[in-house]
Amino acid sequence: MSTPRIAIVGANFAGLSAAQRLGSKYDVTVIDRSPWFEWRPSIHELVSGLKRPADLRLPRARLVAQAGHRFLRAEVADIDPRAGRLTTSDDRQVEFDACIVAVGGVSHAFGVAGAARYALPLKTVDDGVAIGRRLKALARGRNRMSVVIVGAGLEGIEALGEILRRYRDRESLDVTVVEAGPRLMPGSPSALDATVRRHCAGLNVQFLTGTAVQSVTRSRVHLGSGKSIRSELTLWTVGATAPALIRESQLADQPGQWAPVTRALRSRRFGNVFVAGDAAILPRPIAKQAYYAMQMGQFAAENAMRAVAGRRLREFIPVPKPMLVAFGDLDTFLVSGRSVIASPTLAAAKELVFQVTMAQIDPPLRVAPMRALTRRLARAATAAR
Ligand SMILES: Cc1cc2nc3c(=O)[nH]c(=O)nc-3n(C[C@H](O)[C@H](O)[C@H](O)COP(=O)(O)OP(=O)(O)OC[C@H]3O[C@@H](n4cnc5c(N)ncnc54)[C@H](O)[C@@H]3O)c2cc1C
């Protein structure tokens, strides 16, 4: 029998975990458009300059080669499960017996005019760098630093914390946070809303909850109420939607819909496709978090191996973990279900999770990664002070 071919589309948390789980008995091709694995849960720290891009990135080609597989840097334009073939935007083709789709999500404009054009998303390292640069340029200028953050979920609140870490002493800074839901961090314990507001009392920060945004222009954010706010920098942190590839490859019915999967993480549409991480929607949906994405990636790899061997698939059981939400140097929150603990010292725990997981992804078996780990831990100690 020929070696089973497994293709992995997307190589961040879910896709890379899948690749690292697959053994050398398989002919594995891992495809991602970008050369870097990115630690997205800390990209808000690029906004203040606390972290640099190199702190959050690892080279995919090396990680995939260490796992014994082939890395292809390319944009996947089409997945054809019936033919067992995918095609890249530069017309390369990869044939597969099983495909693991781990393409994550993309920023969602929710049909708001001007949002995609004039507001900056915070989804990737490049996004974090772009926001940090814009803030620096504003800080050098003579105008007021008017910043509007649309969306007060995890991304928006973490971005606000970093802006305040770096610029809260500037008299010219004013920040408005606009949130359509009734409070900050909708879905989290209400104590979080109250604590964030308390930290911002006395600063030039205004919160507009229960407020929809109508449109965004170069220098203004127009609200549903008819009012508008001046904005030199608008951040768009309202949530994510499924990449177009999901619908175009018929893994979902509707544009923007996440790919429906069974509890075995198998596509409901195609038996030879597994979907892991943010891109998938389980029968009982779970939070779109990096630690779930990693669990799902490993699990999808297990089941892909079982599928090509004609064995029975296993059911994925998510293992929940508490979430650490940073609010700059002002506070860090440990959220577990309906409970929340707040303390600035929890920043060290968040940093530790980051450093330890990076070391698991890139085990320091050789001198260079060992030096990188030592450097990172030294920086973690500085960040926690
Ligand atoms: C600001 C922010 C803060 C966060 N904080 C936390 C946190 O504190 N804790 C936590 O657990 N999670 C957090 N998350 C969520 C976490 O980052 C995601 O859940 C996680 O990244 C999902 O992993 P994934 O592998 O499914 O997708 P992604 O990380 O989005 O990776 C998808 C990969 O697919 C590639 N790709 C997509 N389409 C194609 C294509 N057509 N061709 C080739 N490659 C493609 C992309 O380049 C990317 O590398 C945060 C996210 C953000 C944005």
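In listed order, ligands and their atoms are each counted from 1. Heavy-atom basis, side chains included; hydrogens, waters and symmetry copies ignored. The first residue in the sequence is number 1, and the count goes up from there. Because the structure is predicted, anything quoted here is derived from the model rather than measured.
Exactly one of V150, L223, V221, V148 qualifies for a side chain to side chain contact (heavy atoms under 4.5 Å, CB included) with L208. That residue is L223.
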What are the atom names and distances for all N or O pairs under 3.5 Å between ligand 1 and the protein?
unit_1, atom_1, unit_2, atom_2, d
ligand 1, 8 (O), K350, NZ, 3.2
ligand 1, 9 (N), Q289, OE1, 3.2
ligand 1, 11 (O), Q289, OE1, 3.0
ligand 1, 11 (O), A290, N, 2.8
ligand 1, 12 (N), Q289, OE1, 3.3
ligand 1, 12 (N), A290, N, 3.1
ligand 1, 19 (O), D278, OD1, 3.0
ligand 1, 19 (O), D278, OD2, 3.2
ligand 1, 19 (O), K288, O, 3.3
ligand 1, 19 (O), Q289, N, 3.4
ligand 1, 19 (O), A290, N, 3.3
ligand 1, 25 (O), F13, N, 3.2
ligand 1, 25 (O), A14, N, 2.9
ligand 1, 26 (O), D278, N, 2.9
ligand 1, 29 (O), N12, ND2, 3.0
ligand 1, 30 (O), R40, NH1, 2.8
ligand 1, 38 (N), R33, NH2, 3.1
ligand 1, 41 (N), E75, OE2, 3.2
ligand 1, 41 (N), V76, O, 3.1
ligand 1, 42 (N), V76, N, 2.9
ligand 1, 44 (N), R33, N, 3.3
ligand 1, 47 (O), D32, OD1, 2.7
ligand 1, 49 (O), D32, OD1, 3.4
ligand 1, 49 (O), D32, OD2, 2.7
ligand 1, 49 (O), R60, NH2, 2.9

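Every residue two or more places apart in sequence or in another chain that forms a salt bridge (charged side-chain N to carboxylate O under 4.0 Å, His left out) with D90 is listed here: R92. Every residue two or more places apart in sequence or in another chain that forms a salt bridge (charged side-chain N to carboxylate O under 4.0 Å, His left out) with R85 is listed here: E95. Considering only residues two or more places apart in sequence or on other chains, R314 meets the side chain to side chain donor-acceptor pair (under 3.5 Å) condition with none of them.
Using a 4.5 Å cut-off between side-chain heavy atoms of Ile, Leu, Val, Met, Phe, Trp and Tyr, with links allowed through other members, M296 and W39 fall into different hydrophobic clusters.
Residues R198 and D331 are not paired through a salt bridge, judged by the lack of any N-O separation under 4.0 Å between the basic side chain and the carboxylate.
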